[in-house]
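Only one structure is covered here, and it is reproduced in the block below.
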Amino acid sequence: MNKAGTHFNRKIEYDGYKFDSQKELNFYLTFVKECPYRFDIQRSFTLQDNCAIGGLKLRRIDYIADCVIYNEDNSIRHVIDIKNGYTLYAIDAKSRLKFKMFGAKTGIPIEVVVPRKHDFRLQVLGLTTKFEERLFNNFDYTVMDLIGG
């Protein structure tokens, strides 16, 4: 049995990017590659720097977004994490905590995306009010408009 949040996909290299799974590559090919916005694949963000407690060091905590899409002014438009679903099995507690840490540090919520053939399901986790899942087939929305920010 697979542990929550784990996968046994082989990394796939395509267009100079390394994708963690075929699902991520398919999302890139279907929705990202030809979108009109600048984007990064597998961009790393530091959530907490190295620090020391007494004589011991704590490692830094990073979050790697599957896809980041930018506005024309280079501000972040979307931070996307691709998953198979929204259950605890599909998204482990460590990932959920990193989503919250990212939002707290940047003021930008992570968009959890479940790709389908012609569209993708979108959910924002960790909000204090319920966010109803939405369907999209492009990035011509802003998550802040969706959550009322």
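Note that NZ of Lys83 and CD of Glu24 are 8.5 Å apart. Values are rounded to the nearest 0.5 Å. Atoms CD1 and CG, from Ile91 and Leu125 in turn, are 5.0 Å apart once rounded to the nearest 0.5 Å. Here the straight-line distance linking atom CG of Leu122 with atom CZ of Phe136 works out to 5.5 Å at 0.5 Å rounding. Note that CD1 of Ile110 and CD1 of Ile80 are 10.0 Å apart. Values are rounded to the nearest 0.5 Å. In this structure, CG on Leu146 lies 11.0 Å from CD on Gln123, to the nearest 0.5 angstrom.
Contact check for Val143 versus Val124: side-chain heavy atoms found under the 4.5 Å cut-off. Side-chain contact between Ile12 and Lys18 is absent, with no heavy atoms from C-beta onward closer than 4.5 Å. Residues Gln22 and Leu25 form a side-chain contact, since some pair of their non-hydrogen atoms from C-beta on lies under 4.5 Å apart. Annotation: side chain of Phe31 is not in contact with side chain of Val113 (no heavy-atom distance under 4.5 Å). Side-chain contact check for Asp81 versus Phe102: every heavy-atom pair is 4.5 Å or farther apart.
Judged by distance alone, with hydrogens and angles left aside, the side-chain atoms of Lys98 form a donor-acceptor pair with the main-chain N or O of Asp62 at under 3.5 Å. The backbone N or O of Asn26 lies less than 3.5 Å from a partner atom in the side chain of Thr30, making a donor-acceptor pair. Side-chain N or O atoms of Asn50 include one that pairs as donor or acceptor with a backbone N or O of Arg60 at under 3.5 Å. Arg96 places no side-chain N or O within 3.5 Å of a backbone atom of Gly126 that could act as its donor or acceptor partner. A donor-acceptor pair under 3.5 Å is formed between the side chain of Asp66 and the backbone N or O of Ile82. At least one donor-acceptor pair closer than 3.5 Å links the side chain of Lys105 to the backbone N or O of Thr46. Looking at Asn71, its side chain never comes within 3.5 Å of a backbone N or O of Asp73 through a donor-acceptor pair.
Atom NZ of Lys23 sits in a crowded spot, with more than 12 heavy atoms from other residues, nucleotides or ligands closer than 6.0 Å. The 12-atom threshold is exceeded at CD of Glu13, counting heavy atoms of other residues, nucleotides or ligands nearer than 6.0 Å. Heavy atoms from other residues, nucleotides or ligands lying under 6.0 Å from CG of Leu135 number more than 12.
Here the options are Phe27, Tyr28, Tyr14, the test is ring-ring contact (aromatic ring centres under 6.0 Å, His included), and the partner is Phe19; only Tyr28 passes.
Ile64 and Ile41 sit in two unconnected hydrophobic clusters of ILVMFWY residues. Membership requires side-chain heavy atoms under 4.5 Å apart, directly or through other members. In the hydrophobic clustering of ILVMFWY residues, with side-chain heavy atoms under 4.5 Å counting as a link, Phe120 and Leu29 come out together.
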Practice item. Please lay out, stage by stage, how Lys11 and Asp20 fare under the test side chain to side chain contact (heavy atoms under 4.5 Å, CB included). Key: CA-CA 5 Å; Lys11 292 197 185 271; Asp20 287 338; 2.5 Å; yes
Exercise for review: Under the side chain to side chain contact (heavy atoms under 4.5 Å, CB included) rule, what do Glu133 and Tyr86 come out as? Steps first, then yes or no, please.
Suggested key: CA-CA 10 Å; Glu133 176 184 274; Tyr86 305 119; 2.8 Å; yes
Practice item. Apply ring-ring contact (aromatic ring centres under 6.0 Å, His included) to the pair Tyr70 and Phe139, showing each step before the final yes or no. Key: CA-CA 10 Å; Tyr70 301 92; Phe139 302 109; over 10 Å; no
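Across all their heavy atoms, Asn84 and Ala90 have their closest contact at C-CB, 4.5 Å. Of all the heavy atoms in Glu132 and Lys130, the pair that sits closest is OE2-CE, 3.5 Å.
In this structure, a donor-acceptor pair under 3.5 Å is absent between the side chains of Tyr37 and Asn138. Checking Tyr141 against Glu111 by side-chain atom types alone, a donor-acceptor pair falls below 3.5 Å.
Under a cutoff of 6.0 Å and an axis angle of 45°, Arg43 and Phe39 do not form a cation-pi pair.
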